[in-house]
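One structure is given below, encoded as structure tokens.
First the proteins, then the strands, lettered A, B, ... as listed; each starts at 1.
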Amino acid sequence: MLDIKLIRKHYEKVRKRIATRGEEYAKLVDRVYELDRRKRELQKEVENLRALLNRKSKEYGRLKREGKEDETLKGELAKIKETLKGLEEELKRVEEELNDLLLRIPNLPHPSVPVGEDENDNVEVRRWGEPPKFDFEPKPHWELGERLGILDFERGAKLSGSRFVVKRGLGARLVRALINFMLDLHGERGYVEMYVPHLVKPEILVGTGQLPKFEEDLFKCERDNLYLIPTAEVPLTNLHREEILKEEDLPIYYTAYTPCYRREAGSYGRDIKGLIRLHQFDKVELVKITKPEDSYEELEKLVADAERVLQELELPYRVVELCTGDLGFSAAKTYDLEVWMPSYNRYREISSCSNCEDFQARRMKLRYKSKEGKNILCHTLNGSGLAVGRTLAAILENYQQEDGSVVIPKALRPYLGGIEVIKPQK
RNA sequence: GGAGGGGUGGCCGAGCGGACGAAGGCGCGGCGCUGGAAACGCCGUGUGCCCGAUUUCCGGGCACCGAGGGUUCGAAUCCCUCCCCCUCCGCCA
């Protein structure tokens, strides 16, 4: 949520910058600006009337205790109350609309974020590693996985429909190994490992920005009014919602493995095959809660921590900075990590690391008390470290051999009882 | 699923129609005591919004005792609805 005072004070500037994410948002800013003016007007009237009512009411009480009933005063009070009622109702309507709209305006991009329309305008920051050269035609990971007997898309569909997969034998073990490997790695860097609920209340999703705007992307358990988390960012970031943290507690680093559940509405044709886009996938997430002045330095470190996973696994990747048009709803600045995928012959997203500044903190009233005794909104950051399914896909494709076998990255072998290679069945 | 208990400030906890934004304690900050500290003593210390003079410091107002509604001149306090938490029993990994 944007600071309404910022819109009030720097209306033109905010409007212009928000428009770089899409023209439709500028209209929301306009409406909010107007509603805020109206709100304050009404609020002034209402509060003045209430002050009057409070004063007269006290006087009435005083008189009554002295045994003097004042019918004129009583009538006056009733009259004020009636005027108040009408104004209060209007104020409430205005406030509700204002609040709802404010929750639907995305975060303001950081000044350093390049202006652009979509992913084609993202800016490559650096590359690491060399894409492998094959003297044969590299196969896509779903073919490799099926031949190795570790991925079973058919039975995934039998159980749950399209975009679900079953992992078998070493496939299942590989997932477990990757999760443990990633969590251990992040633990070394000071992230506290957490295990969190996968079902959360609606207000939790409002806190991180998935609601109210992106309801259709979520799986909902209607009768219990709970949602399946689309990422561990949601429970992790909300852990300290409505708290006032101590300054010395910051920064806070959390990591957690969770499955992630996404309806993927509106992505019907895309990535039908393989592990790239599923309704349920595994992810190890990184979350930071920091002081405002530290958040951008912390973002760079967060990206480095996510990169480290790819480096340890020796998977070639690049880092791109998202442009304004490609930025997620809550993010002020985002770096994506894209891993090399031979069958696509291009880099594909495997991690997204964002600084949300105080956008989420304002929604969830997450603050800390400064040394001067002021309550200051924290900054929140999150990043994948990494998406497990996509990592598995990248390993299969980058480490494949001509005979269809796949070499296990060295760093992962201790987690798989020393296995060095997975061979096709029969 | 059944039966009870409860949600009050950073935390614990009292209040159960007006003088209550709320006792007391803890914590935190300041001052005193001390060679220094602990203990002790004194003082201060909730959040949000609006308005005004003022860019910091300030003054005024309004709201907030889980959420929403009602009764009343007046609600933390009484009534209704909802949410959440806890305890016991049952069931269960």
Side-chain angles (χ1 to χ4, degrees), chain A residues 1-10 32-103 195 197-207 211-212 220-227 235 238-250 252 289 291 358 361-378:
Chain A
M1 187 159 71
L2 294 184
D3 185 358
I4 184 66
K5 284 178 191 156
L6 191 76
I7 297 178
R8 207 180 284 160
K9 260 193 183 151
H10 304 287
V32 160
Y33 183 77
E34 187 47 42
L35 280 169
D36 174 56
R37 246 180 26 127
R38 180 83 186 117
K39 191 210 98 175
R40 281 182 294 147
E41 224 172 76
L42 283 165
Q43 184 173 346
K44 204 158 47 168
E45 273 185 77
V46 164
E47 285 183 358
N48 286 339
L49 272 181
R50 277 210 276 250
L52 185 68
L53 193 67
N54 287 345
R55 253 184 288 129
K56 299 222 166 189
S57 188
K58 259 189 194 134
E59 195 185 328
Y60 181 89
R62 195 174 45 79
L63 288 172
K64 193 168 181 185
R65 250 172 290 121
E66 288 167 13
K68 289 180 243 168
E69 291 273 350
D70 189 335
E71 287 306 319
T72 337
L73 187 55
K74 195 166 179 177
E76 227 177 292
L77 285 166
K79 219 170 178 177
I80 297 171
K81 280 211 297 187
E82 195 163 321
T83 323
L84 244 181
K85 209 174 156 191
L87 285 170
E88 275 173 339
E89 271 166 24
E90 197 183 343
L91 178 62
K92 200 178 159 190
R93 270 200 307 276
V94 170
E95 273 176 336
E96 271 168 12
E97 192 186 346
L98 177 65
N99 221 319
D100 180 67
L101 290 182
L102 217 43
L103 286 174
Y195 191 92
H198 300 170
L199 288 162
V200 296
K201 301 187 239 175
E203 61 264 34
I204 303 304
L205 288 148
V206 172
L211 289 179
K220 184 179 187 185
C221 302
E222 194 72 51
R223 48 184 282 172
D224 299 296
N225 200 25
L226 291 168
Y227 292 84
N238 275 283
L239 275 170
H240 298 286
R241 81 193 325 265
E242 285 155 56
E243 290 183 24
I244 299 173
L245 301 168
K246 294 192 180 114
E247 181 165 359
E248 60 265 31
D249 293 339
L250 300 177
I252 292 173
I289 301 171
K291 294 197 265 180
D358 63 12
R362 184 170 293 108
R363 286 169 165 247
M364 60 177 82
K365 297 189 179 69
L366 167 58
R367 294 164 297 179
Y368 77 95
K369 197 173 274 296
S370 74
K371 296 219 165 63
E372 299 76 42
K374 284 203 165 174
N375 296 331
I376 297 169
L377 289 169
C378 300

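Comparing B:G17 with B:C11, their C1' atoms sit 29 Å apart, to the nearest whole Å. As rounded to the nearest Å, B:G2 and B:G13 have P atoms that lie 29 Å from one another. Comparing B:G70 with B:C89, their P atoms sit 42 Å apart, to the nearest whole Å. For the C1' atoms, the distance from B:C12 to B:A23 is 14 Å, rounded to whole Å. B:G18 sits 22 Å from B:G9 when the C1' atoms are compared, rounded to a whole Å. With both ends at atom C1', the span from B:U71 to B:C84 equals 26 Å, rounded to whole Å. Nucleotides B:C20 and B:U56, compared at atom P, are 32 Å apart to the nearest Å. For the P atoms, the distance linking B:U34 with B:G29 amounts to 22 Å, nearest Å.
Regarding A:Leu77, its CG atom lies at a distance of 8 Å from the P atom of B:G74, rounded to whole Å. We find that CD of A:Glu95 is positioned 13 Å from P of B:A63, with the value rounded to whole Å. If you measure from atom CG of A:Leu84 to atom C1' of B:C73, you get 14 Å, rounded to the nearest angstrom. Here the P atom of nucleotide B:G68 and the CD atom of A:Glu88 are 13 Å apart, to the nearest Å. Rounded to whole angstrom, the span from the CD atom of A:Glu96 across to the C1' atom of B:G68 amounts to 11 Å.
Under the rule for a side-chain contact (heavy atoms from CB on, under 4.5 Å), the partners of A:Leu199 that lie at least two apart in sequence or sit in another chain are A:Cys221, A:Leu226, A:Leu228.
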Checking side chain to side chain contact (heavy atoms under 4.5 Å, CB included) for the pair A:Ile7/A:Leu102: CA distance, chi angles, key distance, verdict? CA-CA 10 Å; A:Ile7 297 178; A:Leu102 217 43; 4.0 Å; yes
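Residue A:Asn48 places no side-chain N or O under 4.0 Å from the OP1 or OP2 atom of B:G61.
Between A:Glu41 and A:Arg38 a salt bridge is recorded (basic side-chain N to carboxylate O distance below 4.0 Å). Salt bridge A:Glu34/A:Arg37: present, at least one basic N to carboxylate O contact under 4.0 Å.
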For each nucleotide in nucleotides 44-57 of chain B, reading 5' to 3', give B when a protein heavy atom comes within less than 4.0 Å of its base, S when such contact involves only the sugar-phosphate, and - otherwise. ---SSBSS------
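Comparing A:Gly61 and A:Leu53 by the nucleotide of RNA chain B whose heavy atom lies nearest to each, the residue mapping closer to the 5' end is A:Gly61.
Residue A:Lys81 is classed as a sugar-phosphate contact, given heavy-atom separations below 4.0 Å to backbone atoms only. Residue contacts for A:Lys92: at a heavy-atom cut-off of 4.0 Å it reaches the sugar-phosphate backbone alone, with no base atom in range.
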How does RNA chain B read in dot-bracket, base by base from 5' to 3', with Watson-Crick or G-U pairs under 3.5 Å and | used when the partner is on another strand? ((((((((.[[[..)..(.....]]]((((((.......))))))(((((((.....))))))).[[[[[..)....]]]]])))))))....
